[in-house]
Each structure stands twice: as structure tokens, then as C-alpha cells.
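Since the structure comes first, as C-alpha cells, the remarks are kept for the end.
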4 protein chains.
Amino acid sequence: MTGQQKKGPTATGGAVLRERVTEAITEAAFAELAETGYARLSMEAVARRAGVGKAALYRRWPSKPAMIMDLVRGRVADSLPCIPATGDLHTDLRALLASYRSQLANPLLALIGAELLAESRRDNALAQMLHTEVAAPRRLAALAILQGAIDQGELPPTLDVELATDLLIAPLTFRMVILDEHCDDEYLETLTSAALAALKASVRRP
Amino acid sequence: MTGQQKKGPTATGGAVLRERVTEAITEAAFAELAETGYARLSMEAVARRAGVGKAALYRRWPSKPAMIMDLVRGRVADSLPCIPATGDLHTDLRALLASYRSQLANPLLALIGAELLAESRRDNALAQMLHTEVAAPRRLAALAILQGAIDQGELPPTLDVELATDLLIAPLTFRMVILDEHCDDEYLETLTSAALAALKASVRRP
Amino acid sequence: MTGQQKKGPTATGGAVLRERVTEAITEAAFAELAETGYARLSMEAVARRAGVGKAALYRRWPSKPAMIMDLVRGRVADSLPCIPATGDLHTDLRALLASYRSQLANPLLALIGAELLAESRRDNALAQMLHTEVAAPRRLAALAILQGAIDQGELPPTLDVELATDLLIAPLTFRMVILDEHCDDEYLETLTSAALAALKASVRRP
Amino acid sequence: MTGQQKKGPTATGGAVLRERVTEAITEAAFAELAETGYARLSMEAVARRAGVGKAALYRRWPSKPAMIMDLVRGRVADSLPCIPATGDLHTDLRALLASYRSQLANPLLALIGAELLAESRRDNALAQMLHTEVAAPRRLAALAILQGAIDQGELPPTLDVELATDLLIAPLTFRMVILDEHCDDEYLETLTSAALAALKASVRRP
DNA sequence: TTCTAATCGAGACGGTACGTCCCGTCTTGCC
DNA sequence: GGCAAGACGGGACGTACCGTCTCGATTAGAA
């Protein structure tokens, strides 16, 4: 919960958004998200499920998108960014891909993620949030590993790290998010090797 | 338009869905899709915009998903599958990626595509349609080129064509669909080279 | 059937409203009237029941009220006006009331009658029709008997025949139409006596 | 307003139907009744005219008949029952008839009344309501006067008060409701005299 | 402890859209 | 041309939620 709540004690008299209510709403909202999805989710249903008045929701967030955005931000922040570092490039990249896989395999987050992604094309605030809270930290992990390998001479300094990151991350993401198919360990192993071969053959900035 | 319309003359006189009305609805539906998106699209608004009664919509399709699915199927089928074949592997792959890029760059289809993709996780019929009508034919083009190269000895016969296809298509798709960023010609060129390097380094079936 | 049909053979080619169709519509319309009433009757349902296209109805009548009015006019005209004349005043009046009773006891006509009466307050054409086709001929029978009695000296020539007619007809009509109660023979007998007493006590024009 | 509203404060806070809204609906409903009649009245139009959501209507009444029934019941209950009692039989009966006349002369109630009467033949609940709320109280006034006259010896104890009531009320009602004609004071005076003559000539139970 | 003001549940409020039914008109192809 | 069939634009049905608002009742910090 990182949203816009007024929690601190106010000047006169006692009236603060109650923690228990916020928790009940959060739980109910994720349950509804899982069952009916973002597009069809109704504030009415969340309130009903939480045993709470609708006003309790609108007292905390100005709208449905704002609420969901805030809740998802909180939950995604929890899920680790995961930066392995054994020093061996192949091993580290494989571990990174495995970490991505485990996150993408969470059915609830995959479900909600796809809907938020679609929504983000019409909602710049949402797009911004998704970028800074979700995409950027994850991409950073890959960049860190690649940069480390360059520093140690394992990869050429002319490497286009952006494209290299795409080559690593994209096939896995594509397969799981767009094709909605599972990726087994062999796929991960082969993918790591292939990507590494491409990088070593030198993916250069033009 | 491939849906369930009863167009041909029936046995004993009778009535037939009128072409002009169907066209008006189609046009209005895409305009609404562009403006408000799939999730928020309302049948009422489509009918209003088309200058048509709601019943005219429900006479043609049983529901909103069915209508959109049918309309999108029709439009996507029009947009070419695009199979270049100069014989030169690098050139062909680049041309293929350029063709993909031009389709993904259509803002309306990108917009709708993302929403349909999200929706398809909760609607198997939609998922099936997207696979057979959209994904499969496009993937086929890539597979054809790769298989041709294998047959001519340019690529090893042990190549895992599925993974190879991912390596080719995924980075472009990932960048345009998920990151919503443009890919210039240089990106395409570098990507083609990198992917080709990876393939030649032999992506093998396990 | 006395309405506006074009029945006679027309000048060019053969196109005449077909008798069988008109009959089927008439039958279906009365069946619908009996089941659902005038207000809820739907042209669609009449056409369906008659096994006929809706256009066949609108080719014959311009609207639902016009159709029903025309059909009811035809049927009411059939039901006799009934003018008894034994010469004995008490007997004749009783017979007249019995005749009224039998008509009002027809459940279909009572049902439709009440609805048409209500409708007639908003539809002058209907009101006019009901007056000239239904009310006037029936009232005439009562007036004829009373006038005969005056001519023979049984009733004073100063009798207000309009009010006298009300005194006779109204209680029976009131009881059957408004209270929706049955009137047995004893009621009829007592009513005849009472009305006669009132008349003889001389109901005078002011 | 005697309907099913939940007005009193409920146990645990909550919401209550607001008086102002109910009033706006009532006013709009009678205006619509006057203009378009019961059969053609649409809930949508009432809501529109009242500046109110449709739900506000359905929150108060389950259906159109229930709403109209409730509103009419309320309004009719307001209109006085009117029991004159000077002690003089002729004067009292004339006053009673004048009171009836003034009520039947209300064009709105006459209009609605006819429609409800017609409808009541197909709706037992409505028929019951009309009987107990409208007919019975009015009939009671007449019965009271007649019984008083019997008790004081002005009318014979064998008088059939039911038939006697018909003789009094029916002609006036018949003329105003069925013939839709006005009754002037002279008609009332002559009617009172004639009915009284009939009663004194002794309308007996068989 | 008492005061007091914001939060609580509940749900009514004016709206919009749903998918269905019927209106009265129009269109098609057969007879 | 009449006919059966039924599509057409339109409008009302009764329901579900939207986001706002109005109630008493509850609750917890400040006095």
C-alpha cells in the first residue's frame, strides 16, 4: 500500500482510514481480478466481497484504474528483482531467465499483466507506472549482467546492450505472454546458448 | 466478413441481412474500437454511430465478443501474409521482419490486438481464433523461409526451427508490442544479423 | 367486414385482397383479444397466429385501433338489437332487460367493451363509432317501448324518456359492467317493478 | 402514498427512499397518465419527466401496474368519502349524488378510472384494490343514508338496500362514465325524486 | 473521560448500457 | 399486384453497475 492515503494523525479529532478495511479491500480486489479480470471488474463487487461500503473504496482511490494500479504496484514491488551473480556469464543468464520464467508463470500476474498492458496504450499514467515499476527494474537486472561481462572482457565493449537484452528476454516473454505456452528447462538452456552465440558474434551498435 | 450471416435467397421468399447495413456497422465498430477500445466498447454506441437499431447488430452476431472477433478476423485476413523469396537468406529474413513491422505499426490493430490478447486468456474461442487466424499464418512465413534455407544447406538440418522462429520474431514483437517503441531500419538490420549468427552457431534440438 | 378493403377486381392485372387471408386475420385477432386484451394485443402476434405476414394486416387497415374498431363493429352489428313487443309494458321491459343481460354476459364482448370504452375517451373516432354502432341502436329499443306506452296512455306524455331510459338500463349495466356481478332473474324482476314505479310516479321534464 | 416504502431508520445505518424523489415521480406519473393513459404509459417516460433514473421507480414498485395502483389508491383515498346528514332524506340523497358527480367530473380520475376498470378484468389484484379502496367506501355512504331512513321509519324495513343503492347511483354513473355526458342540477333533482318514488313504492327483497 | 469529527456499512441517487421484444415500414422473391 | 418472411430504425422493457451522495452508528485522537 503506497497510494495516496491520509494516514498520519490529523489535527482535530480522530478519523483515519482503517487498516483492516484497506486490507479487506485489497484481498477482495485481487480475488475479483483473478476471477473476472481487470476489464470486467466492478467496484461494486469488490466492495460487496470485502464487506465494505463503496464509499470506502472511493475514499482511498479516485477510480478503478487508480485503485488497481496502486494495488498491483504494491504487489509487484514485493516480487523480487532477482540479480544472480556467480560470475559465469552463461550460468548467470540462465538463472536470470529462470527467474523471469517463474514470475511470468504466476497465472494471476500474467492475467492482470496482459490486461494492464492493453489498457496502458490508452492511459499514459498507467503506461508510465508499468514502465518504471515493472519493466525498468527487470530490464536493469539483465543490463547489469551484460555490463559486468563487458567490463571483464567476456563480451566486446561495442555490444549494443539494448538489442542484446531484447535477444535474451524477448523469446521467453513472447512465448509465455503472447503464445501462452510453457517453457521447459531445455528451452531455457538452448535459448541461453543461442543468445550468447549471437552476442559473441558481436551485436554492434551501427 | 466470414460470419454467420444468412445471405443467400431462402426457399420461400423472406428477408436477408442487407449489405449496406453490415458495412455501416463494420465501419462504426472499428471507429469505436479505435476511440474507446474493446473493453469499453458499447453495442449501443456502435449502433448509434452506424445509424442503425441495436437489433441489427444482434441479428448478425450473438454478442459483443462474437461481433468483434468476426470483424477483426475479416480485417486481419485481408492484411497480407507476405512471403518474400529472393533466395538470399539474410535478405529474405530482413524483408520478413520489415513486413511484420509494418503490420505491428498499424496503431489500430496494435491497440485492438493487445486487448484481444488480454481477453483471450479468459475466452478460449477468442484464443483459438487468434491462433489460427493471426498467429499461425504469420509464423508459417518464417518457418517456410527457414525450412528453405535448411533444404539448400544454408542452415544445419538439426536446427530447432521453433526456437529459431522465436529468436527472429520475438525481439521485434517484444519491442513494438510490449515496450511500445519504434524499430528503425538499423534495428532491423542488426537484429537480422544477430539472429542469423545465433542460428548458424547451430540452435539444436535437444 | 365493412371496412376500407379494395375488394372488387381492379383495372390492371389481378391483385385483390384475398378473402381467406382476411378471415384468418379476423379469427386470429378475436382470439388474441380474448387472451391478451386490446391494450396488450400486438399486430405481430395476430399475424403470427393467422399464419400471415404483417404487411397483410397493414394492407387492410392503417393501424391497430382501426383494425380492432372495424372488426368489432362487424361482430357487434351481427348481435341482434332485440325489440320485444307483447304490448304489456312490464313484460316488454323485463324482456328488454333480459336481452341486455345476455349481451353483457358475453365475456369476450364485456372484456373488449370495457377496453374500447376506456380507449374512446382518447379517440374521438372510436367514441363516435361506439355511440352510433353500439349504444344508439340499443338505447333505441328502450325508447321505442317507452314511446309506445306513452302513445297508449300507460305512461304520462310528460315523461322524460331519456332519464326514464337511464333508470331502466343503468342499474343493470352498472352492476354487470362496473361491479362485474351477475344479475339473476329476481334482480331483473324487482328492477323492472321499481323502475316502472318510478316512471309512473311521473318523471317529468323540468 | 401507502405503498411498500422502507422509510423508517433501519438498524445499522443505511439508506432510505427520499421523499422528494417520490413526490417528483408521483407528479410525473399523473401527468403522463393524463396525457397518454394507463395502457400507453411508459416507465421510461415517467422517469424522464421526473428527472429521475428508472431505478428510482423500480426501487419503489415492482412493476407499472403496482406503481399506478399505489399512486391511484393514495390519491383516491384523499378525495373525500362525503357523508351528508341533514336528516331530510331527499336533501341528503341529492347532496350525495352531487358529491358523486363532482368526483366523476374530475377528468383525470374519470380517464384513469375507465382504464383501470378495463384492466381490472384481467388483473384480480387491481380489481380487489378498486373494490375495497374505491367502490366500497363510496357505496357505504349511500347505504348509511338509506339505513338511517329505514331506522327512522321513512323507508320500509323490507327495502332491498342493495338494489336501492343501484337505482340511486347507477343512472348518474352510467351517464357520466359510459355515455360521457354532463349531468346538470335538474337531472340530479329529477333523478332524486324518481329514485325516491321507486323506493317508497317499496323495492323489496324477493 | 468527554468531546468531536472523520470513517464506517448500507444503499439511494441520476445515469448508461445491457440484450429482448414489438412497433409500423420496407424489401425481397414467389405466385 | 398480393403474398409470407422477415430485416429495418426506433423505443421501452427490467437489470446491473457506474461514481456520487446521504444517512445514523462507530471509533479513536485531542481536550
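By convention in this document, chain letters (A, B, ...) are assigned in the order of the sequence lines, proteins followed by strands, and residues within each chain are numbered from 1.
As a whole-Å value, the separation of B:R49 CZ from E:dA17 P is 13 Å. Atom OH in C:Y58 sits roughly 17 Å away from atom P in F:dG2 (whole-Å rounding). Here E:dC8 presents its P atom at 5 Å from CG of A:L17, a figure rounded to the nearest Å. Taking atom CH2 of D:W61 as the reference point, atom P of F:dC13 lies 14 Å away to the nearest angstrom. In this structure, C:I25 places its CD1 atom 13 Å from P of F:dG2, rounding to the nearest Å. Residue B:E23 contributes atom CD, which lies 12 Å from atom P of F:dC8 at whole-angstrom precision. Computed from coordinates, the C:L57 CG to E:dT25 P distance equals 12 Å when rounded to whole Å. Per the geometry, CD1 belonging to A:I68 stands 11 Å off P belonging to F:dC18, to the nearest Å.
Between D:R59 and E:dC13 there is a side-chain N or O to OP1 or OP2 distance below 4.0 Å. The side chain of B:R40 places no N or O atom within less than 4.0 Å of a non-bridging phosphate oxygen (OP1 or OP2) of F:dC17.
Here the closest heavy-atom approach between residue C:L71 and residue C:A29 is recorded as CD1-CB, 3.5 Å. The two atoms that bring B:R49 and B:E35 nearest to each other are NH2-OE2, 2.7 Å, heavy atoms only. Closest of all the heavy-atom pairs between C:A114 and D:R121 is CB-NE, 4.5 Å. Taking each heavy atom of B:E115 and B:G37 in turn, the nearest pair found is OE1-CA, 3.3 Å.
The listed nucleotides are F:dC18, E:dC13, E:dT25; the one nearest the side chain of A:E44 is F:dC18. Nearest nucleotide to the D:M43 side chain, out of F:dG14, F:dC8, E:dA12: F:dG14. For B:R60, whose side chain is taken as the heavy atoms from C-beta onward, the closest listed nucleotide among F:dA4, F:dC8, E:dC13 is F:dC8.
Within the nucleic acid shown, A:K54 comes within 4.0 Å of at least one base atom, counting heavy atoms only. Contact annotation for B:R48: backbone-only contact, meaning every heavy-atom pair under 4.0 Å involves sugar-phosphate atoms and none involves a base. Contact annotation for A:A55: base contact, defined as any heavy-atom pair under 4.0 Å involving a base atom.
Mapping B:L41 and C:S63 onto DNA chain E by nearest heavy atom places B:L41 closer to the 5' end of the strand. Between C:G53 and D:R18, the one whose closest nucleotide on DNA chain F sits nearer the 5' end is C:G53. Between D:S42 and C:V52, it is C:V52 whose nearest contact on DNA chain F lies nearer the 5' terminus.
Ion pairing between a basic and an acidic side chain is recognised when a charged N comes within 4.0 Å of a carboxylate O; A:R40 and B:E119 show such pairing.
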